[in-house]
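What follows is a single structure, written as structure tokens, with notes after it.
Scope of the values below: all heavy atoms of this structure, side chains included, with no hydrogens, waters or symmetry mates. By convention in this document, chain letters (A, B, ...) are assigned in the order of the sequence lines, proteins followed by strands, and residues within each chain are numbered from 1.
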2 protein chains.
Amino acid sequence: MARMSADERRERLVEAAITVMTRDGVARATTRAIVAEAEMPLGVFHYCFASKKELVEQVIGTINAHAVSRVMAMTDTRATFRESLRASVQGYWEHVLTHPAEHMLTYELTQYALRQPGFEGVARTQYELYLGTLTAFLDDIANRLAVTYELPTPVLARYLMTVVDGLTLNWIILGGEPEAAAVLDHVTDHVAGLVRERS
Amino acid sequence: MARMSADERRERLVEAAITVMTRDGVARATTRAIVAEAEMPLGVFHYCFASKKELVEQVIGTINAHAVSRVMAMTDTRATFRESLRASVQGYWEHVLTHPAEHMLTYELTQYALRQPGFEGVARTQYELYLGTLTAFLDDIANRLAVTYELPTPVLARYLMTVVDGLTLNWIILGGEPEAAAVLDHVTDHVAGLVRERS
DNA sequence: GTCTATAGGAAGATAGAC
DNA sequence: GTCTATCTTCCTATAGAC
């Protein structure tokens, strides 16, 4: 009854796992719930993956790849730094507003990784990845527009990551779109004020 | 063998639960692990608490009370707004640096509450509490020093909460004290620049 | 590879002797 | 109230027929 290759089953199981985790939370994404979501019998699980750990690793890899390519795609260079930053930040924020559950899942997986033996480095790698992507974004835009920053790029990148990450988290919990958008606008303007023409 | 009142047992079990959650994570804080930490037999649990849910509610209540009284105590009014804000923020940051596990637990409990049926409102209440406390802090300091803010207080409070919460989270995961402190200093200075003498 | 059936263990909660 | 022993359920993982 080989209706589908093991590779395709693996892909579908990872997708199903993400669906279940997004809908019901990481803790409820049991092997049973995942195979049920993928409409496969339970026994399938362990000839597609050696263990549940192996599946979760692939889930985290997939989620991270999505997040990074999202940030990459958000680079939106316009005529001025202010406009470029605003466009990029708004692109990100749009995604948060339309896909809150996806962002919530990344927070959950970070926590999961921080506690799960065998995933010790994963949370750190995840945040280093975000920070690196943001740093590259700032460098890229500085080069294209021939500007420099008043603050060291690592500090500026950390600042942006802090605001974006912190605001995403508290918006997921509290809502309050007007205040959240106001904070984001204020920070965008403030950061644009830290830019100098390259001499 | 009544060596201790049921009330005292309850208190000790809540303490033990916090110890286990801080050390091993919320998911590993099982009734068995908690009574073992408190050095009590398993059967004790269910005549002290009707269910595990009841214990977790008390744990969250205790943690929140700690957090709020910490923010209250951090209000540190000096001669100028800048100095007051700096002193208060440094007081908070000092606590993060010396008690990271405690702060990590609050993030874990927030996630737990967001997913656990019966705790739907708890995460929101928690963040509203933080935001309210920060707003009160800003109002208080504005009154004492007879100043106003360029931004509406709700937006400013949200901005501060975002930065403080986001930075705490990414410092727990990434470390990098110099950059984190630089971000905090920068934000403190920036916010101090948003203050006007009351006319 | 594919599936059913089940092992083996840990979770929350309860029964019932004292 | 106090404790031991146990119930029920659900988890990951495996055994073994096809």
Please report, rounded to the nearest Å, how far the P atom of D:dG1 is from the CE atom of B:Met4. 13 Å
Measure CG/B:Asp7 against P/D:dT2 and give the value in whole Å, please. 11 Å
Can A:Asp185 and A:Arg86 be counted as an ion pair, charged N to O under 4.0 angstrom? yes
Given C:dA13, is OP1 or OP2 found less than 4.0 Å from the side-chain N or O atoms of B:His46? yes
Look at atom CD of B:Glu177 and say whether more than 12 heavy atoms of other residues, nucleotides or ligands are closer to it than 6.0 Å. yes
Parallel under 30°, tilted from 30 to 60°, perpendicular over 60°: which one fits the rings of A:His95 and A:His99? parallel
Atom-pair distance (CZ on B:Arg28; P on C:dG9), nearest Å: 19 Å
A:Arg9 vs C:dG1: side-chain N/O to OP1/OP2 distance below 4.0 Å: no
Toward the 5' end of DNA chain D, which comes first, B:Tyr47 or A:Gly43, by nearest nucleotide? B:Tyr47
Selection from D:dC3, C:dA13, D:dA13 that lies nearest to any side-chain heavy atom of B:Pro41: D:dC3
Protein-nucleotide distance (A:Phe45, atom CZ; C:dA7, atom P), rounded to Å: 22 Å
Spacing of A:Glu8 atom CD relative to C:dG1 atom C1', expressed in whole Å: 15 Å
Options C:dA13, D:dC11, D:dT4, nucleotide nearest the side-chain atoms of A:Thr30: D:dC11
Please determine, for the side chain of B:Arg32, which listed nucleotide (C:dA11, D:dA13, D:dC3) has the closest atom? C:dA11
Atom pair distance, as rounded to whole Å: CE in B:Met40 and P in D:dG1: 13 Å
D:dC10 C1' sits how many Å from A:Leu42 CG, rounded? 12 Å
Distance in angstrom units between B:Asp24 CG and C:dA10 C1', rounded: 15 Å
Aromatic ring pairing A:Tyr130/A:Tyr127, orientation class (parallel under 30°, perpendicular over 60°, tilted between): tilted
I need the B:Thr19 OG1 to B:Leu13 CG distance, nearest 0.5 Å. 11.0 Å
